[in-house]
Visitor: 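Sharing a structure below in structure tokens format, with a few things to ask.
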Amino acid sequence: MPFSSPPNPKNYAAKVYELVRAIPAGRVMAYGHIAVFILPPLEMDPGQYLRLSPRWVGQAMANCPDDAPWQRVINSQGKVSPRPGYGPMMQRSLLEQEGVIFDDKERVDFEQYGWVPERAWLVEHGFVAPPPEDDEPPQPALF
DNA sequence: TCCTTGACTCAGA
DNA sequence: CTCTGAGCCAAGG
């Protein structure tokens with residue numbers, strides 16, 4: 001419930017989980033990175049969505065189903081944000097079991113392990129609008 | 001009623 | 001590179 005919430009929290013969380021489930025083993029995404037692929041509410045200012053959405057994702061992940069790979073979601077600095085009840089070591093070891101390497105500052109390199117969903121997947125699952133014919137697709141910018 | 005507390009991120013120092 | 005503060009707001013003690 002931190003810092004406002006989406007108009008439809010349940011629906012927003014469902015989108016988050018859907019995307020999280022698509023992250024392959026050994027790869028990671030940041031909260032804010034996930035938010036970029038979820039369309040903001042129509043009447044919401046895009047700038048405001050950019051500010052708030054990472055916490056919306058965090059809020060959703062707090063209630064993430066155990067059968068979803070919640071460990072593959074980390075913060076934008078490449079560090080793990082411990083899930084309450086599990087502790088930081090749990091998340092780190094889960095990722096290491098998938099082959100993710102942490103550097104000496106406990107961080108993951110996005111260049112190497114960061115993951116971006118295929119456009120076809122996004123379209124198929126309703127995350128972005130289909131490209132307007134032969135025009136440049138509205139691919140969200142990475143960090 | 002007031003104060004604390006959130007799986008966040010980015011710019012600036 | 002690390003550390004701070006701002007942005008923002010609802011629920012519980």
Side-chain angles (χ1 to χ4, degrees), chain A residues 1-131 135-143:
Chain A
M1 0 240 90
F3 307 97
S4 84
S5 53
N8 189 334
K10 221 180 160 186
N11 190 40
Y12 193 86
K15 279 302 200 184
V16 172
Y17 304 149
E18 191 175 359
L19 189 44
V20 169
R21 289 181 198 279
I23 306 176
R27 309 299 291 277
V28 298
M29 285 184 89
Y31 301 91
H33 201 175
I34 289 173
V36 165
F37 294 99
I38 301 178
L39 292 175
L42 290 180
E43 301 176 7
M44 186 176 198
D45 173 63
Q48 188 177 24
Y49 177 76
L50 220 52
R51 278 199 309 277
L52 299 178
S53 58
R55 303 231 249 215
W56 291 1
V57 174
Q59 174 186 352
M61 291 307 292
N63 300 308
C64 184
D66 284 323
D67 62 329
W70 53 269
Q71 72 273 21
R72 293 170 198 158
V73 183
I74 62 182
N75 64 36
S76 66
Q77 304 171 47
K79 298 179 188 171
V80 302
S81 297
R83 189 183 189 190
Y86 285 84
M89 283 180 47
M90 166 69 84
Q91 183 167 5
R92 173 170 175 160
S93 63
L94 282 174
L95 287 173
E96 288 178 328
Q97 286 172 36
E98 302 178 352
V100 175
I101 305 297
F102 286 72
D103 65 16
D104 55 353
K105 292 152 200 150
E106 312 231 303
R107 290 182 314 192
V108 174
D109 181 15
F110 278 108
E111 292 291 327
Q112 190 172 174
Y113 301 104
W115 182 75
V116 178
E118 295 295 325
R119 173 163 182 76
W121 186 93
L122 291 169
V123 172
E124 183 178 344
H125 292 258
F127 280 82
V128 295
D135 206 309
E136 204 53 36
Q139 194 66 269
L142 301 183
F143 291 165

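So that the names make sense, note that chain A is the first sequence line, chain B the second, and so on, each numbered from 1. Since the model is a prediction, treat every value here as computed from it, not as a measurement.
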Visitor: Please state whether the rings of A/His125 and A/Phe127 are parallel, tilted or perpendicular, taking 30° and 60° as the class boundaries.
Guide: tilted
Visitor: How is A/Val73 classified with respect to the nucleic acid when contacts are heavy atoms under 4.0 Å: base, sugar-phosphate, or nothing?
Guide: base
Visitor: Could you give the CZ-to-C1' distance, from A/Arg72 to B/dA7, as a whole number of Å?
Guide: 17 Å
Visitor: For A/Trp115, enumerate each residue passing the ring-ring contact (aromatic ring centres under 6.0 Å, His included) test, keeping only those at least two apart in sequence or located in another chain.
Guide: none
Visitor: Between C/dC3 atom P and A/Lys105 atom NZ, what is the distance in whole Å?
Guide: 12 Å
Visitor: Please state how far atom CG in A/Asn75 lies from atom P in B/dA7, giving the value in whole angstrom units.
Guide: 13 Å
Visitor: Heavy atoms from C-beta onward define the side chain here; which of C/dT2, B/dA7, B/dT9 lies closest to that of A/Gln91?
Guide: B/dA7
Visitor: Would you kindly give the CD-to-P distance between A/Gln59 and B/dT5, to the nearest whole Å?
Guide: 19 Å
Visitor: Taking only the side-chain nitrogens and oxygens of A/Ser5, find out if one of them lies under 4.0 Å from OP1 or OP2 of C/dC9.
Guide: no
Visitor: Could you give the distance separating C/dT2 and B/dA7 at their P atoms, to the nearest angstrom?
Guide: 24 Å
Visitor: C/dT2 phosphate, OP1 or OP2: any side-chain N/O from A/Arg107 under 4.0 angstrom?
Guide: yes
Visitor: Can you tell me how far CH2 of A/Trp70 sits from CE of A/Met90, rounded to the nearest 0.5 angstrom?
Guide: 6.0 Å
Visitor: Measure CE/A/Met61 against C1'/B/dG6 and give the value in whole Å, please.
Guide: 16 Å
Visitor: Grab the OH-C1' distance between A/Tyr31 and B/dC10 for me, whole Å please.
Guide: 17 Å
Visitor: Take atom CG of A/Leu94 and atom P of B/dA7, then tell me their distance rounded to the nearest Å.
Guide: 19 Å
Visitor: Using 0.5 Å steps for rounding, measure from the OH atom of A/Tyr113 to the CZ atom of A/Arg107.
Guide: 14.0 Å
Visitor: Nearest-Å distance, CD1 (A/Ile34) to C1' (B/dT9)?
Guide: 14 Å
Visitor: Quick one: which of B/dT9, B/dA7, B/dC8 gets closest to the side chain of A/Arg55?
Guide: B/dC8
Visitor: Looking only at the side chain of A/Ser4 (C-beta and beyond, no hydrogens), which of the listed nucleotides C/dT2, C/dC9, B/dA7 gets closest?
Guide: C/dC9
Visitor: Who are the ring-ring contact (aromatic ring centres under 6.0 Å, His included) partners of A/Tyr12, not counting sequence neighbours?
Guide: A/Trp56
